[in-house]
There are 2 protein chains.
Amino acid sequence: MTNIHDIAKMAGVSATTVSRVLNHHPHVNEETVKAVQRAIDETGYTKNIHAVHLKKGRTNLIGIVVPFMDQIYFSQLVDGIARAVSKTDCHLLIIQTQYIEEKELEALELLKTKQIDCLIFCSRSVQVDVIQSYSQSGKMVVLEDIQVEGISCTYMNHYDSFYAGLAFLYANGHKRISICLNRENSTSSLQRKKAFADFLNAHQLPFLDEDVVTDCLYLEDGINLANQLIQSAARPTAFLVTNDQVAAGLYTTLVRAGWNVPKDLAIIGFDNQSISKALDMTTVQIPFNKIGEQLIKQALESEATRHEIKLELIKRGTV
Amino acid sequence: MTNIHDIAKMAGVSATTVSRVLNHHPHVNEETVKAVQRAIDETGYTKNIHAVHLKKGRTNLIGIVVPFMDQIYFSQLVDGIARAVSKTDCHLLIIQTQYIEEKELEALELLKTKQIDCLIFCSRSVQVDVIQSYSQSGKMVVLEDIQVEGISCTYMNHYDSFYAGLAFLYANGHKRISICLNRENSTSSLQRKKAFADFLNAHQLPFLDEDVVTDCLYLEDGINLANQLIQSAARPTAFLVTNDQVAAGLYTTLVRAGWNVPKDLAIIGFDNQSISKALDMTTVQIPFNKIGEQLIKQALESEATRHEIKLELIKRGTV
DNA sequence: TTGAAAGCGCTACCAC
DNA sequence: GTGGTAGCGCTTTCAA
């Protein structure tokens, strides 16, 4: 491989001057620039980025931690982030964890070893204090409402949006509403459960254990849910569902079994994925591009900040 | 920042020895290891990866080029690749291009500057010869059937799977079949069009321009297609569709308009996404995990190889 | 406007 | 089992 010294020799100048040309410094003689350029063209030289990184201590790489990408929620999120990144001079490193803690630690080590300039957590398995223990290792941004010194966060207001969904169902006459969640104790599930409890309280409705279904993530979970529902005697009149995938599984299965939605069961999904549009399903919209922009903005800022993202109920035909 | 020399000094050994401990070399005295370890623990030292990269000339980074990730096809693909990568000691750099050529060139430059050890093209806008001109810059793998010296490829047999879909429709009595594609001249569309032409020829069926619909990618495109279909007089009895998203848009819109699928129109989708399962839709399965494994295997091999992926027709209720 | 030289922090070779 | 030393290729400071 040719290096900067080879170019310097060919152009009859010093490596310093070559470096100046490479980095478009002013005050270099035009003729000199041309000579260097000629040598570069001739050899097809490109500078060794590792040497630059070593010298400067940065990589312009932003790491993002996601559990999977075969789920629309995360892929749309990553897409939004990638769009935002492509407007900067940084690149995106993906650490897909399947929620394995070891993988998340690996990501944190990437930050610590400066292999990435910043790490964005889209979702996590490790405890907050583990993340906190790395807060001095580099810039971190988290997509949830944690209040840790030195760590930026952008978060969706799941409490408000869930409450709004419940209130909308109540306004449409529903007195027994069920909800389903994915990971029972994730930050967003905790918010959603609190919204549910507060809602029931406010309307003096009873809390029934069976009205909170957990581990619903995939479309298949919605199918299972529908089959259970079909066989149960006492059942809710409305369902507020984890996401549109689960809602679609629920909806299509019920309809195929002859149910009428929303008459027999009202459904609200989450994410406003295209499937919800196709099924004319009421859902909650998540502004992924805005979230991506926000996360990248925070990734590049020097101080830590907090930012709330509002979600919007999209009213369609399943309520 | 503490560096290897600081640790060496603290432990009373040389930097070489510290390096040996760091890299788990054998033949280091146990006491020495302990002393070094103590110094490392005390300072919280981690090695500067840039120096390692500079020294070794590698980054263990694999770049992948995708146009978007808000589409299930690509997100499942990236997910499959990410799963495969996570079994290696490499990491994944995503270059999301929106099919902008400039972005693809940026990715190629990343390879040339050794910022990544290998580049995987999942889909491209630039011409093959542009890619070819970078074939000496580093390892490249492409997800399509190109035959370029020094570039590995894994490709799906779109011709065979499309032909099989058409044959299946024909066997079910359909004589006028339409197809829809996305980008008219993409490698896969060209294969699919050829399969269509060959199929028509083999069965002495006429080729009608209006039976090839292009630019169908999103669910919304399927909705539009359905609306056109509803208003047209002479129409096909079966549709072989770009992907399950478009097929879902088509299906749900027709059903809502009172059509019976497959009686009024048979539909075959593509990708076997969960939505096709929910709608009980006949489709073609793409083995994303296998593709991911294969691409990463080729990324890490030294020679260039070719590999074909077979696709499988999943028979359900829309034919 | 240009150049010499000193690192950035690590690994690998060779010597002991 | 251990250490000295010579780079990897670049940028930056200082001096000319």
Side-chain angles (χ1 to χ4, degrees), chain A residues 1-40 43-61 89 109-110 112-117 137-138, chain B residues 1-40 43-61 89 109-110 112-117 137-138:
Chain A
M1 274 310 278
T2 46
N3 65 22
I4 202 171
H5 293 108
D6 299 331
I7 300 296
K9 211 173 290 170
M10 285 179 64
V13 296
S14 74
T16 312
T17 299
V18 177
S19 174
R20 287 193 183 104
V21 173
L22 251 27
N23 296 291
H24 308 290
H25 281 207
H27 315 308
V28 183
N29 187 298
E30 227 174 84
E31 291 307 311
T32 314
V33 173
K34 272 185 200 155
V36 170
Q37 198 55 57
R38 218 175 299 126
I40 290 174
T43 53
Y45 163 82
T46 40
K47 67 179 165 188
N48 183 320
I49 204 76
H50 307 319
V52 179
H53 288 164
L54 171 58
K55 185 68 188 174
K56 299 206 170 173
R58 290 185 302 103
T59 50
N60 287 350
L61 250 39
D89 59 351
E109 284 299 320
L110 245 30
K112 193 167 177 186
T113 55
K114 309 278 180 227
Q115 197 148 189
I116 51 182
D117 294 344
S137 301
Chain B
M1 274 311 277
T2 46
N3 63 24
I4 201 170
H5 293 109
D6 299 332
I7 301 296
K9 211 173 292 172
M10 285 179 65
V13 295
S14 74
T16 311
T17 299
V18 176
S19 174
R20 287 194 183 103
V21 173
L22 249 29
N23 296 291
H24 307 290
H25 282 208
H27 316 307
V28 183
N29 187 297
E30 229 174 80
E31 292 307 312
T32 315
V33 174
K34 271 184 201 155
V36 170
Q37 198 56 57
R38 217 175 301 126
I40 289 174
T43 53
Y45 163 81
T46 39
K47 70 177 164 189
N48 183 321
I49 205 75
H50 306 320
V52 179
H53 288 165
L54 172 57
K55 182 72 186 170
K56 300 207 171 175
R58 291 185 302 104
T59 49
N60 288 351
L61 249 39
D89 59 350
E109 285 298 320
L110 246 29
K112 193 167 177 185
T113 55
K114 309 277 179 226
Q115 199 147 186
I116 50 183
D117 294 346
S137 302

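Order of the sequence lines sets the chain letters (A, B, ...), proteins ahead of strands, with each chain counted from 1. No experiment lies behind these values; they were computed from the predicted model shown.
What separates NZ of A:Lys34 from P of C:dT2 is a distance of 13 Å, to the nearest Å. Summarising the geometry, the separation between CD on B:Gln115 and C1' on D:dC10 is reported as 14 Å, rounded to the nearest angstrom. Here D:dT11 presents its C1' atom at 13 Å from CZ of A:Arg58, a figure rounded to the nearest Å. Between A:Lys9 atom NZ and D:dG9 atom C1' there is a gap of 14 Å when expressed in whole angstrom units.
Side chain of B:Lys114 to main chain of B:Ser137: a donor-acceptor pair is present (N/O by atom type, distance under 3.5 Å, no hydrogens or angles).
The stretch residues 14-31 of chain A touches DNA chain D through A:Thr16, A:Ser19, A:Asn23, each having a heavy atom under 4.0 angstrom from the strand.
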Using nucleotides 7-9 of chain C, report all nitrogen or oxygen pairs with the protein that are shorter than 3.5 Å.
from  : atom 1 : to      : atom 2 : distance (Å)
C:dG7 : N2     : A:Lys55 : NZ     : 3.0

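Contact detail for A:Lys112 and B:Thr46: the closest heavy-atom pair is O-OG1, 3.7 Å. Across B:Asn60 and B:Asp117, no two heavy atoms sit closer than the pair N-OD2, 2.8 Å. Scanning all heavy atoms of the two residues, the minimum distance from B:His5 to B:Ala15 falls at CD2-CB, 3.6 Å. Residue A:Thr59 comes nearest to A:Gln115 through the heavy atom pair OG1-O, 3.2 Å, listed as atom of the first residue, atom of the second, then distance. The heavy-atom pair separating B:Ser14 from B:Ala8 by the smallest distance is C-CB, 3.5 Å. The minimum heavy-atom distance between B:Thr2 and B:Tyr45, with the atom names listed, is O-CD1, 3.4 Å.
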Worksheet item: Would B:Leu22 and B:Ile4 satisfy side-chain contact (heavy atoms from CB on, under 4.5 Å), going step by step from the backbone distance to the final call?
Response: CA-CA 10 Å; B:Leu22 249 29; B:Ile4 201 170; 4.2 Å; yes
